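The structure appears below as structure tokens.
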Amino acid sequence: MSTLHKIALTFIKSIGPVNAKNLLAYCGSAEAVFSANKKQLLQIPGIGEKTVETILNTDALKRAEEELKFVEKHGIDVLFFSDENYPRRLKNCFDAPILLYFKGQADLNHQRIISVVGTRNATEYGRNLCKQLCEVLSAYDVLIVSGLAYGIDVTTHKECVSNSIATVGVLGHGLDRLYPQIHKPVAQKMVLNGGLLSEFPTKTNPDRQNFPQRNRIIAGIADATIVVEASIKGGALITAEIANSYNKDVYAFPGRTNDVFSEGCNFLIKTNRAGLINNANDLIYYLGWDDEVKNKKIKTQTTLHLNLTANEQKVVDALQSSQLSIDELAINVNIQQSKLAIILLTLEMQGIIISMPGKVYKLA
């Protein structure tokens, strides 16, 4: 598919991620969506008369030409959901954006990714937690994602830069601007060893409604979401709720019961919406990163000596380099999902693989 048509698909008004994927599934490509006639489009489930008229009469291609010139001029990567470099963890979320704009050097499919969120009114307690978290995690080759907002977000990004940790800021506007502008110096450093990511095209202002929308990317792109400080209302709790809806791990630092900006964290822990962590080592333990380091050298040797069937060995080989969803595995090993599900269950019962949220699998 041409990049122009991929971008154009996002400029069709009233077409969200779900309907866009539906259009692609039935038409076969972005180009085919724009060349389809009314009769063909009306046969697609979920696409009604009004939507068809919008598709047929849109100036999306013209607007996409303008956007394409901008991204090419500024070295911005266009990540379509079917591309290999599209964030794999995010792709498994039902409402993942069909297209992302990325400026930077980070691998968005890094082996270890966490998101850190919190209040815009960070206290010294919260800032110290960010500092301690990043200092410890610097030894674990992790990518840390946040929202480049005031408070916990920007503190996390700054600590990542100081500790040479790759960090990505997810924005609620296009990459032709930066909000808040005061964070431009840290954003420039982030691009060198991390990056800036957005689903929004140029000319998109940092409007209030964009930030809850961008929070689903922060939640979906990571293995786990960490809430450092949060009041009972605000974007951090929204991100935590979204992460829970995606069956992602959520962890929170507790605070004093009378601290306004620990109230949200305490609520998440009390209602079992988040696991309690006191420090970075708790997080490392919960995510099993120490075990990964210990077992890395012997994992390949162990799997080679197991008495596996040919199809079981195919699955184990496919999971050697990275974790995969059941859909990705089915394509990779060329086994029907009904048969693959039985193989996966067998391997899981033998302790060879681990089933993760969202039908994602990895070697034990």
Side-chain angles (χ1 to χ4, degrees), residues 87-90 102-119 122-170 183-197 217-219 221-230 236 239 243 248-255 265 274-297 299 321-323 362:
R88 183 172 56 250
R89 297 168 179 85
L90 182 61
F102 180 61
K103 173 89 172 171
Q105 306 297 322
D107 176 7
L108 300 179
N109 287 307
H110 195 78
Q111 183 182 1
R112 298 182 183 125
I113 303 179
I114 64 165
S115 292
V116 176
V117 297
T119 177
T123 67
E124 185 177 358
Y125 170 71
R127 289 191 292 270
N128 283 335
L129 286 175
C130 292
K131 179 179 174 63
Q132 294 164 13
L133 184 68
C134 291
E135 285 176 349
V136 175
L137 293 182
S138 63
Y140 284 82
D141 188 26
V142 60
L143 170 63
I144 297 181
V145 177
S146 195
L148 201 58
Y150 290 108
I152 294 300
D153 286 19
V154 73
T155 300
T156 300
H157 291 309
K158 287 179 178 178
E159 291 298 337
C160 285
V161 170
S162 296
N163 288 278
S164 300
I165 298 173
T167 182
V168 170
V170 184
H183 296 162
K184 186 174 181 179
V186 68
Q188 290 173 331
K189 293 176 183 176
M190 289 166 61
V191 169
L192 301 177
N193 185 33
L196 303 175
L197 182 69
I217 299 176
I218 295 175
I221 202 171
D223 298 307
T225 295
I226 318 304
V227 187
V228 177
E229 273 192 309
T239 307
K248 301 272 190 176
D249 288 342
V250 179
Y251 300 99
F253 287 99
C265 291
L276 185 154
I277 54 173
N278 288 311
N279 49 53
N281 290 322
D282 287 345
L283 178 65
I284 292 163
Y285 169 77
Y286 283 128
L287 296 178
W289 288 353
D290 268 340
D291 292 337
E292 286 179 23
V293 172
K294 292 174 184 176
N295 294 332
K296 189 175 181 181
K297 293 182 180 179
K299 184 182 290 183
S321 57
S322 65
Q323 61 190 34
K362 68 177 182 178

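It should be emphasised that the depicted structure is a prediction, and the values quoted were computed from it without experimental measurement. Starting from 1, each residue takes its place in the sequence as its number.
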Any chance you could measure Arg112, atom CZ, to Ile144, atom CD1, to the nearest 0.5 Å? 12.0 Å
Who are the salt bridge (Lys or Arg N to Asp or Glu O under 4.0 Å) partners of Asp249, not counting sequence neighbours? none
With Lys189, which residues qualify under side chain to side chain contact (heavy atoms under 4.5 Å, CB included), at least two apart? Val161
Shortest non-hydrogen contact from Ile221 toward Ile218: CG2-O, 3.7 Å
Which atom pair, heavy atoms only, marks the closest approach of Ile165 to Cys134? CD1-O, 3.2 Å
Could you report the tightest heavy-atom contact between Trp289 and Ile114, atom names first, then the distance? CH2-CG2, 3.7 Å
State, to 0.1 Å, how close Ala230 and Ala236 come at their nearest heavy-atom pair, and which atoms those are. CB-CB, 3.8 Å
Shortest non-hydrogen contact from Leu143 toward Ala106: CD1-CB, 4.1 Å
Take Val228 and Cys130, measure what side chain to side chain contact (heavy atoms under 4.5 Å, CB included) needs, and give me the verdict at the end. CA-CA 7 Å; Val228 177; Cys130 292; 4.2 Å; yes
Using the test side chain to side chain contact (heavy atoms under 4.5 Å, CB included), find all partners of Ala252 that sit at least two apart in sequence or belong to another chain. Val227, Cys265, Ile269, Ala274
Interatomic distance, Ile226 atom CD1 to Thr239 atom OG1 [nearest 0.5 angstrom]: 12.5 Å
Pairs touching residues 122-151 that satisfy salt bridge (Lys or Arg N to Asp or Glu O under 4.0 Å), sequence neighbours left out: Lys131-Glu135
Using side chain to side chain donor-acceptor pair (under 3.5 Å) as the criterion, list what pairs up with Ser138, not counting sequence neighbours. none
Side chain to side chain donor-acceptor pair (under 3.5 Å) filter on Asp223, not counting sequence neighbours, yields Arg89
Among all residues two or more places apart in sequence or in another chain, which pass the side chain to side chain contact (heavy atoms under 4.5 Å, CB included) test with Ala243? Ala219, Thr225, Lys248, Val250
Taken in chain and number order and not counting sequence neighbours, the residues that satisfy ring-ring contact (aromatic ring centres under 6.0 Å, His included) with His110 are none
Passing candidate, side-chain contact (heavy atoms from CB on, under 4.5 Å) with Leu197, options Val145, Ile217, Leu148, Leu90: Ile217
Residue set satisfying ring-ring contact (aromatic ring centres under 6.0 Å, His included) with Tyr125, at least two apart, ordered chain then number -> none
Taking only residues two or more places apart in sequence or in another chain, which ones pass side chain to side chain contact (heavy atoms under 4.5 Å, CB included) with Gln105? none
Give every residue pair that meets the side-chain hydrogen bond (donor to acceptor under 3.5 Å, both in side chains) criterion with at least one member in residues 157-167, sequence neighbours excluded. His157-Thr167
Using residues 276-288 as the side-chain source, report each donor-acceptor pair under 3.5 Å to any protein atom, sequence neighbours left out, with the distance given to one decimal.
residue: Asn279; atom: OD1; partner: Asn281; partner atom: N; Å: 3.1
residue: Asn279; atom: OD1; partner: Asp282; partner atom: N; Å: 3.0
residue: Asp282; atom: OD2; partner: Asn278; partner atom: N; Å: 2.7

